[in-house]
Amino acid sequence: MSKKLPKRNENYSEWYQELVIQSDLAEHSAVGGCMVIKPYGYAIWERMQQILDQKFKETGHQNAYFPLFIPKSFLSKEAQHVEGFAKECAVVTHHRLKNDPNGKGVIVDPDAKLEEELIVRPTSETIIWNTFKKWIQSYRDLPLLINQWANVVRWEMRTRLFLRTTEFLWQEGHTAHATADEAIAEAKLILEIYADFVENTLSIPVIKGTKTQNERFAGALETYCIEAMMQDGKALQAGTSHFLGQNFAKAFDVQFLNKQNQLEYVWATSWGVSTRLMGALIMSHSDDNGLILPPQLAPIQIILIPIYKTDQEHQEVMAKLEILYLQLKNHGFRVKIDDDDSKRPGWKFAEWELKGIPLRFALGPKDLNNHQIEVFRRDTQEKAIIPIENLVANYVSMLLNDIQKNLFVLAQKRLQERTIFVNHYEEFKEAIEKDCFVMAHWDGTTETELLIKEETKATIRCIPFNNPKEIGYCVRTNKPSQQRVLFAKAY
RNA sequence: CGGGAUGUGGCGCAGAGGUAGCGCACUUGCUUGGGGUGCAAGAGGUCGCGGGUUCAAGUCCCGCCAUUCCGACCA
């Protein structure tokens, strides 16, 4: 616990890994590639869940829950879909163990082989569309707006805490609509919800856009996404929303009767964000002293630290802090007093900084005498002594809002400074080498996209909505292009 | 799936044939308390698993397993 955190500029990935562990967010589990999300990390995830869940419900979505297991035959009903996920599926083949006749322990009972193997869901389109078939007959059943909070498994070769684990938590929305336009509008609406959440709650600026055909979700006609820049300049996909066309409706034969009494296939979307957002959060704001949490997300926004020597001082200081605690709590702030007598103030300062608590108020005998309190803000590491009567709700709100905003501004500044517009391949390679976001013209072919990836490791993160149409020439092939796209190295 | 590394007390590590050690954490007591207090006394380990060499194996040899890091694939 009292170890030094590696420095970001010396070894960014080691810093990240150590920070996750030391700040008590998560740890490696006994199962390879899987992590244990510890109470503090899970509390942050729960905040994300609550806020997103509310936004989904406000826009008419309902939660439901579908099985963890998917019959193998379901997965193969949509050709592109199965191709995209086949290589990373966990497969259940048996349903029973028995004592090992040759010794200790248990073995898989060969007599308990399943007739049809079950896939542990890598995503739930197939099981959900199999179900939607039963739920949809009429245009009156549409739109059908369903979300589920779930775990999924993707058997990746290489894992990193929160960024890529074999099992991860997420939400996946699945909707069915009467028209393509409605479905597209839904996919875009969700992208806006994601962008709003990531920018305003996580304080991370994002670039909205569409994926190229090559990067598109397996089975989608269009994938909308938000891309964020981490402190090392690499891109992290923070959320995706897919327009699935009628692919799944056709694969699972989901048709409805329209007002003209004609059968039509429904139009679909799916969309998700995962515990990967935890990784985005950590890598966007934190520093060499530990986590920095945006106030809107922090499970604890304010930590109160009593300072004292004698029992009497302890009582006096605590009496004042209790009052302060109740006042703050009644105003809706998430606040905690650290009255652990076995730890000294200096230890607590370091500990709560490591955990990223936005504000710290420390109160000791000196302060009581002078009617003052020490205020420390995590983002700037600034300390101030203020008259204690100034510590009112408005002031605290102002501070928290300022921290929330400041984190966004800093991240946005980094994004702007490290986003470079280039027209020649040499500049392109140089900018990618320096881990920048690069806006460049591209001829629109997968062939060129893959070639650039092979030569530079950069991928097209998205075709940004906001880039103006302009005539240009592909940075690699010199063929004509109408718009710059975003290239970067990605997590 | 390729390349590297590591498996020794709860955690982090040292020990390279001959009585299993250190730091942190833990327990008890005192001390200290406004930036990770100091001292003392304790508790805690079949050294990843299986073979082999040897009078003797954390230590040498062979095999296996696991974890982790770096690449290719991906939320």
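By convention in this document, chain letters (A, B, ...) are assigned in the order of the sequence lines, proteins followed by strands, and residues within each chain are numbered from 1. Source: prediction; values computed, not measured.
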Please tell me if Ser13(A) has a side-chain N or O lying less than 4.0 Å from either OP1 or OP2 of C70(B). yes

Arg360(A) charged N/C atom sitting above Phe349(A) aromatic ring, 6.0 Å / 45°:
yes

Here the distance between atom P of G34(B) and atom CG of Leu368(A), to the nearest Å, is 16 Å

Practice item. Report the relative orientation of the aromatic rings in Phe428(A) and Tyr425(A); use parallel for angles under 30°, tilted for 30 to 60°, perpendicular for over 60°. Key: parallel

The residue, Thr165(A) or Gln17(A), whose nearest nucleotide of RNA chain B is more 5′ is Gln17(A)

With sequence neighbours left out, the residues meeting side-chain hydrogen bond (donor to acceptor under 3.5 Å, both in side chains) with Thr380(A) are Arg377(A), Glu382(A)

Inspect the contact between Asp340(A) and Lys348(A) and indicate whether a charged nitrogen and a carboxylate oxygen are less than 4.0 angstrom apart. no

Of the candidates G36(B), A75(B), C69(B), the side chain of Arg158(A) sits closest to C69(B)

Whole-Å distance, Tyr224(A) OH to A75(B) P, equals 18 Å

Residues pairing under salt bridge (Lys or Arg N to Asp or Glu O under 4.0 Å) where one sits in residues 26-53 of chain A, two or more places apart or in two chains, turn out to be Asp24(A)-Lys38(A), Glu27(A)-Lys38(A), Asp53(A)-Lys57(A)

In whole angstrom, give me the gap between the C1' atoms of C65(B) and G23(B).
30 Å

Quick note, Lys383(A) side chain, CB onward, closest among C73(B), A72(B), G35(B) is G35(B)

Open item on the list: Roughly how many Å apart are A43(B) and U67(B), using the P atom of each and rounding to a whole number?
Closed with: 35 Å

Practice problem: Measure distances between side-chain N and O atoms of Asp341(A) and base N and O atoms of G33(B), and say whether any donor-acceptor pair falls under 3.5 Å. | Solution: yes

### Message
Could you tell me how far C47(B) sits from C60(B) if I compare only their C1' atoms? Round to whole Å.
### Response
16 Å

Per nearest nucleotide of RNA chain B, the residue lying toward the 5' end, Gly32(A) or Thr166(A), is Gly32(A)

message: For the C1' atoms, the ones on U28(B) and on G34(B), what distance do you get once it is rounded to whole angstrom?
response: 29 Å

Taking G38(B) as the reference, what is the distance to G33(B) when you measure between their C1' atoms (whole Å, please)?
12 Å

Notebook entry, point to check: Taking the inter-plane angle between the rings of Phe132(A) and Trp129(A) on a 0 to 90° scale, is it parallel (under 30°), tilted (30 to 60°) or perpendicular (over 60°)?
Noted result: perpendicular

message: Using atom C1' in both nucleotides, what's the gap between A25(B) and G12(B) to the nearest angstrom?
response: 10 Å

query = Does Arg360(A) make a side-chain N or O approach to OP1 or OP2 of G35(B) shorter than 4.0 Å?
reply = no

Where RNA chain B forms runs of at least three Watson-Crick or G-U pairs (i with j, i+1 with j-1, under 3.5 Å), the stems are B:1-7 with B:65-71, B:10-13 with B:21-24, B:26-30 with B:38-42, B:48-52 with B:60-64

Counting only N and O atoms by type, is there a donor-acceptor contact under 3.5 Å from the side chain of Asp288(A) to the main-chain atoms of Arg8(A)?
-> yes

Looking only at A75(B), G34(B), U68(B), the nucleotide nearest the Phe168(A) side chain is A75(B)

Leu5(A) atom CG is separated from G12(B) atom P, nearest whole Å, by 16 Å

